[in-house]
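Below is one structure, written out as structure tokens; comments come after it.
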Protein chains: 2
Amino acid sequence: MVTIKDLAKEVGVSVATVSRALNSSGYASPDVKRRVLEAAERLDYKPNEVARALNTSCSNVVGVLVPDITNPYFPKVIRGIEDAAIENNYRIIIGNTDHDMDKESKYLEIFRQNNCAGVISATWSVEREEYSDKRPLILLDRVVENHISIESDNLKGGRLQAEHLTRQGADKVLIVKGPEAYSSFNNRSLGAAEMLEAHGIEYETLPYMHLERMLSDGTADFILKFNGIICPNDVTAYKVLNMLRESDVAVPRSVKVIGYDNLDFSEYVYPGLTTIEQPIYELGRNAFGMLMDLNEGKPAQSQVLDVKLIKRQST
Amino acid sequence: MVTIKDLAKEVGVSVATVSRALNSSGYASPDVKRRVLEAAERLDYKPNEVARALNTSCSNVVGVLVPDITNPYFPKVIRGIEDAAIENNYRIIIGNTDHDMDKESKYLEIFRQNNCAGVISATWSVEREEYSDKRPLILLDRVVENHISIESDNLKGGRLQAEHLTRQGADKVLIVKGPEAYSSFNNRSLGAAEMLEAHGIEYETLPYMHLERMLSDGTADFILKFNGIICPNDVTAYKVLNMLRESDVAVPRSVKVIGYDNLDFSEYVYPGLTTIEQPIYELGRNAFGMLMDLNEGKPAQSQVLDVKLIKRQST
DNA sequence: AAATTATATGTAAACGTTTACACAGGTGAT
DNA sequence: ATCACCTGTGTAAACGTTTACATATAATTT
């Protein structure tokens, strides 16, 4: 490994000068700067990130927390973060929390131990004592008091779901709620319920866990009494579609099903899933941008991105 | 941040002693060791990974290269690696290469700059000068001369695909090949072709890119003349199923389709996709284990994991 | 009792950067 | 001619660890 010392010797100046020349920090004569850069090029010098991180106590690594990368929503987010990161000479460390607060805490500690430049979290759900660290934190698709966040317009998304379903003729609607404690899911069902009430449509809500249990127990005939089902995300919708197919219920004739996310797969399931598209990739990209803004002292603001309805065959 | 220095002051010994006590390296009296650990606990001391990595020039971070985390095959692999990593107090940095050699090289450089403990790559396709680094490298689902690798039994998988299809009555078979240059895909089509020949079944092969182009151009009627289609992976099979549905071709009656990977989604597409299951998560887990073995000087060996046929409705 | 060895601890250098500070020479204003 | 200031460079400390080496005491061998 060629170090800054080698460059110094090669050019005949001190390491301090080399550092200044390379980083354009402090003074460095044009001539010396040129020679340093030339030598760096020639010897294929690459700065050691670790040494730099130790000295500045801030690495160019950001920590990313997701519940489970195996859920196809998150790879897209991560890809957005990663692409933005690499463009800015940053890298990401990812951690799967499995909705487990202890795991989350453990990862936060790890990020700190690695002098991470900040954290982007899609798992944060509560105000935390513990995070007294000064490093910036961006919440992704989660809104928590006193934290900067980026999300898509979940309330609007929920409304769009409900509006479309009623427009397609559903008048007995089931709203399947998402996992509790996450603002995004709460807002979706809130928006949907609000819209259904406005239209005077009959509806019930079902907690996420109940549906999961019903589906695995095979006791989901409960949902057969509805002719419209609003799902909190596409993956849940896939399961519902599957269950309906097994029960020989015609979709969309007897029941209309709408999802949320517009994952790539939603066009491959049968029938093609009507859903709400949110700009997942951009959520990740922008989240990283906000982190950079914060690190540069700019006053970053929370963002809300727009969503739109994608019509397919399931409604 | 409480450092080793604070502990030293607290306990009344030197930093060297503290370090030895914490790491159980070198001598440390039971009494001192106890007091150091107690103080570490009490002051909530957490070692700074960066400083450690600088000193030992080896961090507990491993680099992971994948073509694109958005492809649902890879999150599973990554999850396997990540779970194994965290159990061993390691973390992972991931890089998406988009099948681009330059990106791959760039990431390798980054991994080196971060003193990574090793690299697990699902993108490696050729013997490389460049990788003269001594750090261990595990190839995942890729076999390249002179490198340690882990893969599933692709040859067998290909054979299983072909055997099942013929057993279901297909006698005009199309083998869609995977992206060139990757041994795993080559072996799959090789196995399939071999088996078809053994059974005296008529077949053709189609390069991956051709199919992709046909599907996006809408000129894929070429594949309608077959009654059995062997896909290199599940995602490709989804697209084929979709195309067939749009052309009103009955699956499995007129054409039988078989995939490869057994992604979670394959039970949600319609008709449910018959496919070859490979232990994706375990591939990742074991890959990390092999890396650890190498780092401990144990002579690691390449591994080949078993695959099996998953029957569903598409055949 | 002397010599050897094992145990325990401290001192200081090292890892590869960045940066506060000191210093020197040059420029321009007074 | 004096002073202030800007530019360019070097010296050395710092970031938080690990570890080679030196030293000191205790335990064991001869």
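Naming convention: chains lettered A, B, ... in sequence-line order (proteins, then strands); numbering from 1 in each chain.
Under 3.5 Å, the side chains of Y281(A) and D83(A) contain a donor-acceptor pair of N or O atoms. In summary, the side chains of E104(A) and T97(A) do not present any donor paired with an acceptor at a separation below 3.5 Å, with no hydrogens or angles considered. N48(B) and Q113(A) are not linked by any side-chain donor-acceptor pair at a separation below 3.5 angstrom, with hydrogens and angles left out of the test. With no hydrogens or angles considered, a side-chain donor-acceptor pair links K33(A) and S24(A) at under 3.5 Å.
In this structure, CD of Q113(B) is placed 13 Å from C1' of dT17(C), rounded to the nearest angstrom. The interatomic distance linking N115(B) (CG) with dT18(D) (C1') rounds to 14 Å, in whole Å. Across the protein-nucleic acid pair, K33(B) atom NZ and dT7(C) atom P stand 14 Å apart, rounded to whole Å. In this structure, L22(B) atom CG and dT19(D) atom C1' are separated by 15 Å, rounded to whole Å.
Between D98(A) and R79(B) a salt bridge is recorded (basic side-chain N to carboxylate O distance below 4.0 Å). Between E10(A) and R42(A) there is a salt bridge, since at least one side-chain N of the basic residue sits less than 4.0 Å from a carboxylate O of the acidic one. Here E38(A) does not pair with R34(A) in a salt bridge; the nearest charged N to carboxylate O distance is not below 4.0 Å.
The C1' atoms of five pairs define one axis at each end of the helix from dA1(C)-dT30(D) to dT30(C)-dA1(D), and these two axes lie 50° apart (to 10°).
OP1 or OP2 of dT7(D) lies within a sub-4.0 Å distance of a side-chain N or O belonging to Y27(A). Contact check, S19(A) against dT18(C): a side-chain N or O comes under 4.0 Å of OP1 or OP2.
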Every protein N/O lying under 3.5 Å from an N/O of nucleotides 13-16 of chain C:
{"from": "dA14(C)", "atom 1": "N3", "to": "N55(B)", "atom 2": "ND2", "distance (Å)": "3.3"}
{"from": "dC15(C)", "atom 1": "O2", "to": "N55(B)", "atom 2": "N", "distance (Å)": "3.3"}
{"from": "dG16(C)", "atom 1": "N2", "to": "A51(A)", "atom 2": "O", "distance (Å)": "3.4"}

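Within the structure, ring pair (Phe, Tyr, Trp, His ring centres under 6.0 Å) contacts touching residues 288-307 of chain B (residues at least two apart or in different chains) are Y90(B)-F288(B).
When each of dA20(D), dT18(D), dT9(D) is scored by its nearest atom to the side-chain atoms of R20(B), the top-ranked nucleotide is dA20(D). Nearest nucleotide to the side chain of T17(A), out of dT11(C), dG10(D), dT18(C): dG10(D).
A cation-pi geometry, defined here as NZ or CZ lying under 6.0 Å from the six-membered ring centre and within 45° of its normal, holds between R142(B) and Y182(B).
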